[in-house]
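Some notes on the structure that comes next.
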Amino acid sequence: MRHPTRRDFVKTTARTGGALGVLGALGPLACAAPDDAPPTPIRILILGGTTFIGPHQIKYALDRGHEVSIFTRGQTEPPFFHDYFERVEQLTGDRDNDLSALEGREWDAVIDNSASIPRWVSMTTELLRDHVDRYLFVSSISAYADFATVGIDETYPVGQLSAPDVESMQEYGPMKARCEATNTEVFGENAINVRPGLIIGPGDNTDRWTYWPVRVARGGEVLAPNSPTDPVQNIDARDLSEWIVRLVETPGSGGTYNATSEVQQFGTMLEGIRAGLGSDATFTWVSTEFMAEHGVRPWGHMTNWVPPEGETIGMSQVSVAAAIEAGLTFRPIGETARDTVEWWNSLPEERRAQQGPGLPAEKEAEVLAAWAARG
């Protein structure tokens, strides 16, 4: 299907009140206008869009001249860029049981941020199959069956559901894989499936990587996992979001892509964070065995890290060659660290006191003391 002319959107009144303000500290986070020639404006429907990557997608898409509609339950206020949300069409419904706001409408592209349940993707792709040109589904590298191999690319086997109608987050990866398959079955060569790794940067409401720049900014002796040569991968939400918008701007980008950074060394990442923040932090590398003996958990306490061995050897060594060829780029980790800390410091004190993943300060001090005292 092709749309030779653009249709006017029915503009709706933006939601107001109750939102977190766009704090002055967030000013530098605004994505700069691209240097390349502006693309032909298109109409983009974003399913979801008010939590982490969505606001970055919306800002970038509007800055590039596109028209944007978002479909949400209307229950979550965006963390920033409120002025941009006033410029989008806001459609209200529910992925589970109410898609009526999407009926009889046409867009050039869909970005599906909010689905992990295959039934949801089946419902939206069937409804929109004759009304949009291309459909991009945001999946996850968790879709893979395992990480027992280094250099996993998009042809590696994905996880399989234990039953066709499973809707349990215990099968998150296989459900994401089934969502991808549904997208491809319906949209064929116009289906785009993007598999991010750990998404990081300003706006992360999971705190899964934020621990590192916040901890390094505090300075002093920092407990670091195992060895500075251990591999690590992650992707700045803005790099991911901007690339996603560029993927849907024109036909011909169909396919599946791993979307995380090139493989780095953990020590290089921490040094980049320290340099970006101008911190006096020092790093003490504590062995995997010693951390395990003292209850320091991979990924939970040592965020963005798993032992590069056995069943997890490939988790932080995934191939991103296809995504790079398709235009994915990466900003310096020091920039991500600075912007993350600036955003973090703009949050209310009670929110910062509830930081989730990461190693509590008391536990860190205890383990560092034990490491220094070992015989």
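Not measured: the values here are computed from a predicted model.
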#### Entry: Side-chain donor-acceptor contact under 3.5 Å, Asn205 with Thr51
no

### Message
Between Lys363 and Leu223, is there a side-chain heavy-atom distance shorter than 4.5 Å?
### Response
no

### Query
Are the charged groups of Asp133 and Arg43 less than 4.0 angstrom apart, N to O?
no

### Query
Under a 4.0 Å N-O cut-off, is there an ion pair linking Glu349 with Arg352?
no

#### Entry: Cluster overlap Val150 with Val320, hydrophobic side-chain contacts below 4.5 Å
no

### Query
Should Glu335 and Arg338 count as an ion pair when the cut-off is N to O under 4.0 Å?
no

### Task
Consider only side-chain N and O atoms of Tyr60 and Arg246, and report whether a donor and an acceptor are under 3.5 Å apart.
yes

#### Entry: More than 12 heavy atoms of other groups within 6.0 Å of Glu185 CD
yes

### Task
Taking the side chain as every heavy atom from C-beta outward, state whether Thr260 and Leu198 have any atom pair closer than 4.5 Å.
no

### Query
Above 12 or not: heavy atoms from other molecules or residues under 6.0 Å from CD of Gln265?
yes

### Query
Just wondering, do Gln57 and Asn113 contact through their side chains at under 4.5 Å, heavy atoms?
yes

### Task
Work out which heavy atom in Thr312 is nearest to a heavy atom in Pro307; give both atom names and the distance.
OG1-O, 2.6 Å

### Task
Looking only at non-hydrogen atoms, find the nearest pair between Asp146 and Ala148 and report the distance.
OD1-N, 3.2 Å

### Positive for side-chain hydrogen bond (donor to acceptor under 3.5 Å, both in side chains) with Trp120, one of Asp96, Asp94, Thr182
Asp96

### Message
For Trp299, does the six-membered ring have the charged nitrogen or CZ of Arg297 within the cation-pi criterion, i.e. under 6.0 angstrom from the centroid and within 45° of the normal?
### Response
no

### Task
Answer yes if the side chains of Trp209 and Asp204 hold a donor-acceptor pair under 3.5 Å, and no otherwise.
no

### Task
Locate the shortest heavy-atom distance separating Thr92 from Gly74; write the atom from each residue and the value.
CG2-N, 4.4 Å

### Message
Is it the case that the ring center of Phe290 lies less than 6.0 angstrom away from the ring center of His294?
### Response
yes

### Task
Step by step, work out the salt bridge (charged side-chain N to carboxylate O under 4.0 Å, His left out) result for Arg374 and Glu293.
CA-CA 13 Å; Arg374 72 193 187 284; Glu293 291 170 3; over 6 Å; no

### Connected via hydrophobic side-chain network under 4.5 Å: Val68 and Val138
yes

### Summary
Taking every heavy atom of Val306 against every heavy atom of Ser316, the minimum-distance pair comes out as CG2-OG, 4.4 Å

### Task
Answer yes or no: is there a side-chain heavy-atom contact under 4.5 Å between Pro228 and Trp285?
yes

### Query
Going by distance alone, is a donor N or O of one side chain under 3.5 Å from an acceptor N or O of the other, for Asn226 and Thr288?
yes

### Query
Are the charged groups of Arg178 and Glu171 less than 4.0 angstrom apart, N to O?
no

### Side chain proximity check, Phe52 to Pro79, heavy atoms < 4.5 angstrom
no

### Message
Within the structure provided, determine whether Leu359 and Met302 are in side-chain contact (heavy-atom separation under 4.5 Å).
### Response
yes

### Query
Which atom pair, heavy atoms only, marks the closest approach of Pro225 to Met291?
CA-CE, 3.8 Å

### Message
Atom CD of residue position Glu262 - does it have more than 12 heavy atoms of other residues, nucleotides or ligands inside 6.0 Å?
### Response
no

### Task
Could you give me the CA-CA distance, side-chain angles and deciding distance for Phe266 and Trp212, then say whether ring-ring contact (aromatic ring centres under 6.0 Å, His included) is met?
CA-CA 11 Å; Phe266 213 95; Trp212 289 114; 5.5 Å; yes

### Query
Is the shortest heavy-atom distance from the side chain of Tyr135 to the side chain of Val186 under 4.5 Å?
no

### Message
Test salt bridge (charged side-chain N to carboxylate O under 4.0 Å, His left out) on Arg119 and Asp165; report intermediate values, then the result.
### Response
CA-CA 8 Å; Arg119 178 172 54 87; Asp165 58 351; over 6 Å; no

#### Entry: Verify same cluster id: Tyr211, Met269 (apolar side-chain graph, 4.5 Å)
yes

### Query
Do the non-hydrogen side-chain atoms of Thr284 and Leu368 ever get within less than 4.5 Å of each other?
yes

### Query
Between Glu154 and Thr256, do the side chains contain an N or O donor and an N or O acceptor separated by less than 3.5 Å?
no

### Side-chain donor-acceptor contact under 3.5 Å, Ser69 with Trp107
yes

### Linked, directly or transitively: Leu347 and Val214 (ILVMFWY side chains, under 4.5 Å)
yes

